[in-house]
Amino acid sequence: MATGARDIATLVGDVERLATRALPYADLHREITDRLRRVMAIDAACWHGLDPANHLMTTADPVELLTNGFITPETEAIAAGAVLASEYQRDDVNSFTALAKRRRPAAILSETTRGRPERSARYNEFLAPFGIPYEMRTVMVTRGRAWGCVIFHRTEASGDFTPEDAEVMCRLSRPIAEALRSSVRVDAARRGGPL
C-alpha cells in the first residue's frame, strides 16, 4: 500500500485525538491497529507495555495472535518464552531496549538480519514455526522514555514489511507513546495508584 504524507499526517492526528480520550490500554491498541491497517497490511499485532525507567515489559496483549489462530492457549507459553528470552536472556536482533535507544525506533527483522532472519533465535523458535515469518517491531518513545512497543506480524501470503512501513511507525512512535502515557496515567488515577 502506498502511504503519502497526507496519510501519515492523518494517522498522526488520529492518534493524537485518541490520546485525549485516555482509553484503556487494550482499547487503545485496537484503535491504533485498526487505523494502521488502512495504510499497511498487518496479519497480527502484539502490543506490550514498557516500564519507561528500565524497559521491562509490564503488559502483553496477544489477542490478535490468539484470535487469528497463530497461537493457541496451549502454545502461548512457547511464544511468550521465545519473546522474553530474546529480550532478557540472550542477544537477539531488534530487542525493545535496543530499539528504544535508536534514533529510528522501528525495525524490520529481514532488514536487520540482511535477509537472513534465521540469525534470530526468536525467528527460529517462534516466528517461522508459527507461520508468521515477517516481523516489524516498534518502540513508542517520547521525551526520551519508552512507554510501550508493538510487534506486527505477517505471513508468507502477505509478504514482508517495507521500509515505508517502518517509516510510518517511526513517525508514529512519539504520538503513540503520548497516547500510551496518557492511558497509563488515567488508569493509575482510576485505581488510586501513583502517577
Side-chain angles (χ1 to χ4, degrees), residues 1-65 67-68 83 87 94-109 111-112 132 134-154 161-190 195:
M1 296 181 197
T3 307
R6 179 177 287 166
D7 295 326
I8 295 173
T10 299
L11 276 171
V12 169
D14 284 352
V15 170
E16 287 171 342
R17 282 186 289 283
L18 285 172
T20 66
R21 293 174 51 195
L23 296 168
Y25 242 41
D27 293 344
L28 181 61
H29 299 159
R30 189 180 61 255
E31 292 280 346
I32 292 170
T33 304
D34 287 349
R35 283 163 175 76
L36 284 166
R37 282 193 168 105
R38 297 175 193 163
V39 298
M40 75 176 77
I42 302 168
D43 292 328
C46 186
W47 290 84
H48 298 275
L50 289 177
D51 184 323
N54 57 25
H55 301 146
L56 290 176
M57 283 187 260
T58 57
T59 62
D61 188 359
V63 170
E64 288 194 4
L65 289 168
T67 57
N68 295 336
V83 171
E87 289 301 316
N94 298 338
S95 72
F96 296 131
T97 298
L99 288 174
K101 295 174 184 176
R102 293 183 192 166
R103 186 180 62 80
R104 298 179 46 76
I108 300 166
L109 179 63
E111 280 192 350
T112 304
I132 43 177
Y134 300 117
E135 176 194 78
M136 180 171 64
R137 294 173 147 227
T138 307
V139 175
M140 311 311 163
V141 180
T142 184
R143 301 175 198 172
R145 301 185 81 189
W147 287 88
C149 52
V150 66
I151 308 167
F152 291 144
H153 300 281
R154 285 187 187 164
F161 292 94
T162 67
E164 291 78 19
D165 296 329
E167 187 58 40
V168 168
M169 292 310 297
C170 286
R171 179 70 175 86
L172 288 171
S173 173
R174 185 204 49 78
I176 293 174
E178 292 288 342
L180 294 172
R181 181 174 171 258
S182 174
S183 179
V184 167
R185 288 178 173 220
V186 169
D187 186 55
R190 281 188 199 117
L195 299 175

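Hydrogens, waters and symmetry mates play no part in the numbers below; they use all other heavy atoms, side chains included.
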Would you please name every residue forming a side chain to side chain contact (heavy atoms under 4.5 Å, CB included) with [X], sequence neighbours left out?
{"X": "R171", "value": "I8, V12"}
{"X": "E178", "value": "T142, R143, R174, R181"}
{"X": "R6", "value": "T10"}
{"X": "A9", "value": "none"}

Here the pair of heavy atoms bringing V150 nearest to F96 is O-CE2, 4.4 Å
Restricting to ring pair (Phe, Tyr, Trp, His ring centres under 6.0 Å), what partner residues turn up for H29, sequence neighbours left out?
Y25, W47
Residues in salt bridge (charged side-chain N to carboxylate O under 4.0 Å, His left out) contact with R30, at least two apart in sequence or another chain
D27
Just jot down the salt bridge (charged side-chain N to carboxylate O under 4.0 Å, His left out) partners of R104, sequence neighbours excluded, or say none.
E167
Applying salt bridge (Lys or Arg N to Asp or Glu O under 4.0 Å), which residue pairs with at least one partner in residues 51-64 are found, sequence neighbours left out?
R37-E64
side-chain hydrogen bond (donor to acceptor under 3.5 Å, both in side chains) partners of [X], counting only residues at least two apart:
{"X": "T58", "answer": "none"}
{"X": "D14", "answer": "R17"}
{"X": "E87", "answer": "R137"}

